[in-house]
Each structure stands twice: as C-alpha cells, then as structure tokens.
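The next block holds one structure in the form of structure tokens; read it before the comments.
When a ligand or atom number is given, it counts from 1 through the structure's own listing order. Excluded from the calculations below are hydrogen atoms, water molecules and symmetry mates; all remaining heavy atoms, backbone and side chain alike, are included.
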Amino acid sequence: MRQSSLVVVANRLPLDDNAARDGACEWRRSPGGLASALRSILEQTPATWVGWGGGIGPARQLPDVGPLRLRPVALTADELQGYYEGFANSTLWPLYHDAVEPPVFDRGWWETYRAVNRRFAEAAAESAEPGAAVWVQDYHLQLVPQLLRELRPDLLIGFFLHVPFPPPELFMQLPRRTELLRGMLGADLVGFQRPQAAHNVAQLAAKLLGTQGADDAILLDGRVVRTGAFPVSIDVPEMTALAAQPSVRSHAHQLRQDLGPHKRVVLSVDRLDYTKGIEHRLTAYSELLRDGRIKVRDVVMVQVAVPSRERVENYRGLRDRIEREVGRINGEYGRVGEPAIHYLNQPFDRADLAALYQTADVMVVTPLRDGMNLVAKEYVAARAEDTGALVLSEFAGAAAELEDAFQVNPHDVDGLKETLLRALDADPADLARRMHAMREHITEHDIHAWAGDYLTSLDHSGGLARVLPRPKEALARPS
Ligand code: ADP
Ligand code: F6P
C-alpha cells in the first residue's frame, strides 16, 4: 500500500463512477461544493484522497490524477441506504440545516453509519505515512477523527464541516449526540464555515462532555482540540479565466440570443435540494408575473437544478413539486416560443456553467440555510467586467463575506420580490461598485487561501500548506 504525508478523507471522490454501460467505466466530475473546492487544490498535490466512487459493490482500482492518488471505499446497497441516504442525508443534513424538513431518527441507521465511518478510518490509516496529516471532511464522516486517533495516535488529524453546525437546542435532539460530538472532537483542529458554529460546539461540549474551554479551544481527555472558522471558497483564477475564454464568451452570446437578446436574464443554479429555497423563489417570481410587475416579454428566468440524492424520499417529492410549479407558471404566463422559466434538471460542465454566469443579469441564490454556497462566489468570479447583480440569502455562509450582494431573507416572499425588482432596476454604477468589491474579497479569500490557512493552523509550521500548488500554477493548468 502506497502511503502519503497528506491524506484527505471525504464521502465522495472528485470523480463519480457513472459506470455500468457494457461494463465500461466512465468517470465524471462530482457536482457539489466539497468536490469542487477540494479538487481545485488537490489535483496538483502529492496526496491521497480516500472516498466513495458513487457506485454500489466492490470498489474499482482507480488511476492517479497527476500526483493525487485516489483510494476508493466500497459501499454495499444496504450501507448506501443506512449511512448515506439514511443517517447522513435524512438525519444529519436536515437537522444541521435548521430542520427545514423534519429530520428522521431511524435507530437502524446508526450502526451502519458507525461501521462505514470505521471503514473510512481504516482506509485513511492504511494510506497515511507515519506522522502524516489526515484531513477529514464533512458530516458524513463525523466519527472518523476519533476512530482514526484510536488506530493511529501518531497522526495529525484535521476535520472540516462544510455545512452549518446547528444551535445546541437542535443538536440536542439527536439520539446519538454525545458520540457524534466526541467523534468530531477526536481531531486536533475542527474547522467550520462560521464562528457561530465553533461557539455552538464549545457550549455543547461543556454540556455533554463536561469539557472546559472557549470558542477556539476545548480541553478534552487531557488534549487540546482547537476550533475555528475557515470560510471555504472557490478557485477564482480558474473561473475568471474560464469565463474569459472566447468559446465561453461566444456560448454566452448565443445563450443570450436564444433567451431573447433584449430580455433581462434571471439565473439560479442549485443542487435540487430543499435547503436551496427553490420553491420560495418560484413563488416570488410567479407573483411578480401575476401582479404584472415583470413581464415575460422583458424578463426570463433560467433555473438549473442538478439532480441530487434522488433515492431519498424528500428529494423526490421536492422534484415533483418544483416541476409541477414550473409547468404551472409557464402554462399561465408563457407565450408560444417564450416560456417564463427555462428549467434544466441536468449536470453541466464548468465551461457551460461559466457561460450561464456570463449571461445572467441577476443571479438569485436564496437558500433557506447553507454552509457557504459556492455558486454565489462562482458568479462573482465570472463577472470580471463588474456587471450583474447578486441576490443572496442572509442564511448562506457566503452572506458574511459578500456584503455588497442584494441580501434577502428568503422566507419573506414579499421581501424577496422587492429585492428581485431592486436588483433588476439597479443603477449600473451601483452594480459595478458592488461587484468590484465582492470580486476583490473573493480574490483575496479564494480556495488557495482557505486551504493554506487551514493547513497552517493545523500543523503550525506552514509545511503542509507548502505542498499545495500556488494559485499561479493552478491558473496555468488546462481547464
Ligand atoms: P452544495 O455543496 O450544497 O451543492 P454549493 O453552491 O456550495 O452547494 O456548490 C455547488 C457546486 O456544484 C458548485 O461548484 C457548482 O458549480 C456545482 N454545480 C451546481 N449545479 C451544477 C450543475 N447543474 N452541473 C454541474 N455542477 C453544478
Ligand atoms: O456541501 C455539502 C455536501 O454534502 C457536500 O459534502 C457535497 O459535495 C455536496 O453537498 C453534494 O452532496 P452529495 O455528495 O450528497 O451529492
């Protein structure tokens, strides 16, 4: 078994095994914030990425991606159901997102979650050199830090939570709350998107584990667990360069012609997830059409909703409701050859997303709760000419950084309508000022800065951060 000095452990590998046609193996880029963020920094890094390839049954051996080794973890159908669809995405996901859908507490899922976390911990332990750093990602693997510490006390262990960490009163609902908290605190450094999360964890640790400490350090079993906020970001040079490519520009021009050269384009891009606020957004848009405050001849909406977690009941129901609503809105307000909303339930490659971002006059990102939301940052990175308006939910982690967006409470449909109109009618000079300020912020706080800050905080020496590619090298690689 080849070993690395840096091992990243995430539920998904950066490639999705989309296999099965005639036994052929076809890999595609996994959608989702975590894979997008980590792939940018790791595909040029000598490291090992431990993760699930997206299929069921025995794991295939995978070729290296440049200097990055991929170490697949296999899941059976039952494990997929109990660990990924069950405990991770039907218990933790809704609970960590303000319980916008009720979390399901199924006692059968816990054992599977724990067994699969153990398998990830074992794969990480096998892949790590003596004294290596292992960086565990997200709520799927919350037990891994402690399991790994038991297997390999020599390792430096980091954990980063990409989703929000809930307020204590919600976390306290979890039947296995103490084990989950202890599992995560097996790390040397626990990173979150927002400082509030670290505060919540310190409070819970004091209550459930009797620890002492503050928002930046917790004393547990004679060990100091450091905590802190490290807001995740995107590869800004990559998206900016992509959006400037002549082929992307001409695609954006063609999209604009197809959508209506004189129309304002309102765009949303989400995984099809109930946390993303798609239904609230459609209600607001439909009421603006109903009240005649926007007209189909002047404005067109494009809603990209990439399929996600389709075997989970809540997600199937959501898709049905959204598709019915889009059909209703188009039926009531569309004209022949002129729909009110273009609805695209499909994955896009990066260049096509960049072309869509280029086309959008108003980008609407209105999750009910989101750890960060990288789509908002991608839009800003794609608008190098300082045009376009970003409407952004106050409940996305990105709102703390993108203060110049048109911020909105997505639960307040009337407020959402007024904010959409404000963004559509904004003065170009005001838009330019806002966009410029937001781009300056993300340029400084991009994915390279995020990984560098986290890893430097983990090893104190900067040694780990030096293994990562510098932004210039990232810019030079083919897209
Ligand atoms: P989440 O992690 O909840 O999915 P984010 O907004 O943080 O939300 O990240 C979503 C990522 O998935 C972004 O990098 C975005 O570009 C990508 N993405 C969104 N929609 C699509 C799509 N239709 N096809 C491919 N990638 C997509
Ligand atoms: O950001 C939260 C997250 O669960 C990530 O871990 C993942 O990249 C993304 O959402 C997509 O979800 P899934 O891996 O379930 O398709």
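Residues passing the ring pair (Phe, Tyr, Trp, His ring centres under 6.0 Å) test with Phe120, sequence neighbours excluded: none.
Between Glu111 and Arg114 there is a salt bridge, since a side-chain N of the basic residue sits under 4.0 Å from a carboxylate O of the acidic one. Look at Glu323 and Arg319 and you find a salt bridge, because one of the NZ, NE, NH1 or NH2 atoms lies within 4.0 Å of a carboxylate O, short of that distance. Under 4.0 Å is where a charged nitrogen must lie from a carboxylate oxygen, and between Lys377 and Asp446 no such pair does. At a threshold of 4.0 Å, the pair Arg309-Glu101 does not count as salt-bridged, since none of the basic side-chain nitrogens sits closer than that to a carboxylate oxygen. Glu122 has no carboxylate O lying under 4.0 Å from a charged side-chain N of Arg119, or vice versa, which leaves the two without a salt bridge.
Of all non-hydrogen atoms in Ala381 and Ile442, the two that sit nearest each other are N-CD1, 3.7 Å.
Remark: ligand 2 atoms within the under-4.0 Å shell around heavy atoms of His140 are 4 (O), 6 (O). Atoms of ligand 1 found under 4.0 Å from any heavy atom of Val304, numbered from 1 in the order shown, are 23 (N). Close contacts of ligand 1 with Leu374, meaning ligand atoms under 4.0 Å from a residue heavy atom, involve 5 (P), 6 (O), 7 (O). Residue contact check: Val163 has heavy atoms under 4.0 Å from atoms 2 (C) of ligand 2. If you number the atoms of ligand 2 from 1 as listed, the ones under 4.0 Å from a heavy atom of Arg12 come out as 13 (P), 14 (O), 16 (O). Counting atoms of ligand 2 from 1 in the listed order, those under 4.0 Å from a heavy atom of Tyr139 are 4 (O). Less than 4.0 angstrom separates some heavy atom of Trp93 from each of these atoms of ligand 2: 2 (C), 4 (O). Of all atoms in ligand 1, numbered sequentially from 1 with element shown, those under 4.0 Å from a heavy atom of Val269 are 19 (C), 20 (N). Of all atoms in ligand 1, numbered sequentially from 1 with element shown, those under 4.0 Å from a heavy atom of Arg271 are 1 (P), 3 (O), 4 (O). When each atom of ligand 1 is checked for a heavy atom of Val375 under 4.0 Å away, the hits are 6 (O), 15 (C).
Arg439 and Thr240 share no donor-acceptor pair across their side chains, judged by distance under 3.5 Å alone. Side-chain contact, Thr76 with Asp78: no donor N or O sits under 3.5 Å from an acceptor N or O.
Of the candidates Lys276, His97, Arg350, Lys276 brings a heavy atom nearest to atom 1 (P) of ligand 1. Summarising the contacts of atom 7 (C) of ligand 2 with Asn11, Asn89, Leu34, the nearest heavy atom is found in Leu34.
An N or O contact shorter than 3.5 Å is missing between Ser308 and ligand 2 by distance. The N/O atoms of Asp138, backbone and side chain alike, include one that comes under 3.5 Å of an N/O atom in ligand 2. Note: no N/O pair closer than 3.5 Å links Asp270 and ligand 1 by distance alone. At least one N or O atom of Arg309 sits closer than 3.5 Å to an N or O atom of ligand 2.
Here Asp273 has no heavy atoms under 4.0 Å from ligand 1, in either its backbone or its side chain.
Thr48 contributes no side-chain N or O that, together with a main-chain N or O of Arg69, makes up a donor-acceptor pair within less than 3.5 Å.
Not a single heavy atom of Met372 lies less than 4.0 angstrom from ligand 1. Taking 4.0 Å as the cut-off, Met372 does not count as a neighbour of ligand 2 on heavy-atom distance.
The aromatic rings of Tyr84 and His140 lie parallel to each other, with less than 30° between the two planes, well short of the 60° mark.
Annotation: cation-pi geometry satisfied between Arg434 and Phe406 (NZ/CZ under 6.0 angstrom from ring centroid, within 45° of ring axis).
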